[in-house]
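I have placed the structure first, in the form of structure tokens, so that the comments after it can refer back to it.
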Amino acid sequence: MADIIQLLPDAIANQIAAGEVIQRPASVVKELLENAVDAGSTKIQLIIKDAGKGLIQVIDNGCGMSETDARMSFERHATSKIRSATDLFAIRTMGFRGEALASIAAVAQVEMKTRQQSKEMGVRLQIEGSKVLKQYPCQASPGTSFSVKNLFYNIPARRNFLKSNPVELKHILDEFQRVALSNPDIHFTVHRDKEELYHLIPANLRQRIVGLFGTSSNKKLIPVEEETDIVRIRGYVGKPEFAKKSRGSQFFFVNDRFIKNGYLHHAVMSAYEELISKEQYPLYIIFIDIDPSKIDINVHPTKQEINFDDQRLVYNYLKVAVRHALGQHNAMPSLDFEQESTFNLPVIKQQETPTYRPSAASGTNTGSGKSGSANFPSLNQREKSNLQNWEKLYENLRSPEEEQGVSKNEPSALTLESSWSNESGDPQEGQTTQKTQKEPYQIHRTYIINQIKSGFILIDQQAAHERILYEQYLEILQEQSGTTQQQLFTKTIELDGPDTEVLLGILEEVNLLGFDIQHFGQQTFVINGVPAELAGKKDELQVVLQLIEQYKFGLDLNLNFRENIARSMARSAAIKRGQSLDKEEMKTLIDKLFACAIPYKSPTGRNCFHTFELEELAQLFEG
């Protein structure tokens with residue numbers, strides 16, 4: 001049998017290796033920025049076109065390279081950072097593996113111009129698919145300029161897997177933030193399609209944080225500073241009241257290198273125990289300085305995972321340091337579920353309220369209210385049809401009286417005994433005492449209980465409202481029929497770079513929902529109006545912030561664009577657990593839920609309700 005094992009050509013081997021290091025445009029930005037930092041730069045420019053798919057350019061004023069070094073830098077495993085295996089345990093530079101430039105050159109068209117500070121002439125290289133096309137002397141400023149064009153031009157499948165421009169740009173800005181945070185003494189600028197996104201002058205860490213996340217972040221910060229013989233912990237954590245429902249503002253740096261570590265994240269979350277809910281995530285930017293010999297950073301090609309000699313010890317130091325910082329600044333729990341914060345759902349008039357009755361009775365509901373009024377407008381024809389289908393589902397459920405021989409021809413309340421027309425609870429003409437009004441009631445300001453013929457139904461008020469709003473917003477996006485309530489006084493909101501790009505990418509659809517938000521330049525937006533159903537009931541700024549957070553979370557779920565918008569808006573605008581509802585609000589919520597096309601589940605997959613049968617209840621009390 002002939003020999004079948006052979007060495008891969010360099011071009012193919014480089015493309016395979018590039019798959020580990022260069023996953024998207026943000027990976028290129030990370031590697032080039034870290035190289036610029038390692039070069040001793042004091043000023044670094046990042047230029048992006050077409051979200052990095054067209055051009056990524058990084059210009060620095062660092063040490064530059066000689067002609068020989070410039071050529072060698074694109075060879076695999078060529079590095080100036082280490083000379084022997086022992087050097088791996090004394091690394092303080094960002095790069096050391098010698099794979100980044102070779103990987104980038106394998107999947108893009110690269111041009112590099114570099115000049116050493118002591119030289120009068122520089123060198124220019126053009127590389128495409130790992131092949132050097134040109135190399136010649138040139139005039140250049142001291143330092144190095146990398147231009148990466150047409151990323152993945154020779155791997156169409158990888159290019160097709162890239163996300164939309166707003167998503168890719170968000171990842172780029174995430175990587176930029178990490179490098180900028182760990183190097184506050186370096187002057188950074190970022191340009192996107194000729195627009196300047198960041199201009200960060202050398203500053204201290206707090207000033208750098210404010211420059212990246214906006215002036216509003218200054219009031220959120222609590223300094224952390226602890227030093228022991230083994231480790232030094234410094235940085236900032238966020239006040240508990242500013243914790244968010246999604247991740248994105250959590251940063252760990254070990255010896256100024258950004259890392260991801262779930263174990264250390266747990267230490268911070270443990271320090272916040274009883275200060276925030278389990279569903280919230282605090283802001284933290286924490287630097288851990290430790291002897292390089294006590295860690296191993298050669299774990300993954302991205303160098304964002306490391307191993308500690310004694311991870312448990314670091315965990316304990318970190319938890320104590322954060323808890324101490326929170327205690328020193330009197331950070332107190334901000335959750336108070338006893339406060340009266342009603343949602344003020346609009347009251348549906350008697351003739352507008354759907355009566356949950358079978359067949360002919362359900363056909364008499366005209367739903368005469370005007371559509372589009374407040375949060376819960378009267379039922380439209382589609383909702384009436386949904387309601388009738390829901391009623392049919394319960395037609396065969398029989399009460400104990402029916403089991404004992406009560407005539408089926410007698411008009412009976414459907415499973416949901418929610419005919420709100422008899423507020424007094426007294427029988428009226430044509431009714432039996434069996435149809436007496438059954439009022440819903442709320443428990444723990446979280447769940448709604450309502451009697452049904454076969455037992456009772458338990459409704460999660462937040463999940464139910466999210467389902468209602470989700471279907472409402474999907475319909476608005478489809479019909480482009482959102483109603484706006486203009487604000488008497490406009491409000492401004494300042495976001496960080498990634499969130500700015502997210503909002504710009506979805507701004508048109510957000511405004512279709514009834515918002516009137518305009519981009520005011522840089523990272524500032526002006527809110528001129530809000531959806532009519534939210535006017536006076538919600539903090540507009542918080543709704544927008546929560547909308548952005550929920551949308552970013554949905555990006556990881558690969559949802560349809562409009563579904564993600566509707567889902568995110570429903571999550572941010574829905575009533576929350578802990579909010580008190582009055583009787584009419586609960587009745588309206590129930591009516592609207594069972595008029596939904598899919599009332600069973602919230603957009604995030606939570607059950608909206610559970611039913612409990614009388615037989616199940618009886619069994620609980622049997623000896």
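The figures here come from the full heavy-atom set of this structure, side chains too, leaving out hydrogens, waters and symmetry mates. Since this is a predicted model, take the numbers as computed values, not measurements.
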Next item on the list: For the residue pair Ile44 and Val58, establish whether any side-chain heavy-atom pair is separated by less than 4.5 Å.
Entry: yes
Check: Ignoring hydrogens and geometry, is there a side-chain-to-backbone donor-acceptor pair from Arg467 to Ile598 under 3.5 Å?
Finding: yes
Item checked: Where Glu466 and Ala570 come nearest, the two heavy atoms and their spacing -> O-CB, 3.5 Å
Margin query: Tell me whether Lys260 is salt-bridged to Glu305, with the criterion being a basic N under 4.0 Å from an acidic carboxylate O.
Written below: no
Check: Taking the six-membered ring of Tyr470, is NZ or CZ of Arg567 closer than 6.0 Å to its centre and within 45° of its axis?
Finding: no
Next item on the list: State, yes or no, whether a side-chain contact exists between Val254 and Ile295 at a heavy-atom distance under 4.5 Å.
Entry: yes
Notebook entry, point to check: In terms of heavy-atom contacts, does CG of Leu313 have more than 12 from other residues, nucleotides or ligands at under 6.0 Å?
Noted result: yes
Check: Hey, is the main chain of Ala574 close enough, under 3.5 Å, to the side chain of Lys576 for a donor-acceptor pair?
Finding: yes
Notebook entry, point to check: Judged by atom type as modelled, is there a donor-acceptor pair below 3.5 Å linking the side chain of Glu168 to the main-chain atoms of Gly52?
Noted result: no
Item checked: Ser572 side chain reached by Val544 side chain, heavy atoms, under 4.5 Å -> no
Note to self: Ring centroids only, cut at 6.0 angstrom: are Phe188 and Phe176 within range, meaning strictly under it?
What the structure shows: yes
Notebook entry, point to check: If we only count heavy atoms from C-beta on, is the Ser182 to Phe258 side-chain gap below 4.5 Å?
Noted result: no
Notebook entry, point to check: Would a line drawn from the ring center of Tyr315 to the ring center of Tyr263 be shorter than 6.0 Å?
Noted result: yes
Margin query: Assess whether a salt bridge exists between Lys170 and Asp174, defined as any Lys/Arg side-chain N lying under 4.0 Å from an Asp/Glu carboxylate O.
Written below: yes
Notebook entry, point to check: Near His266 NE2, under 6.0 Å, is it more than 12 heavy atoms from other residues, nucleotides or ligands?
Noted result: no
Next item on the list: Kindly say whether the aromatic ring centers of Phe287 and Phe252 come within a distance under 6.0 Å.
Entry: no
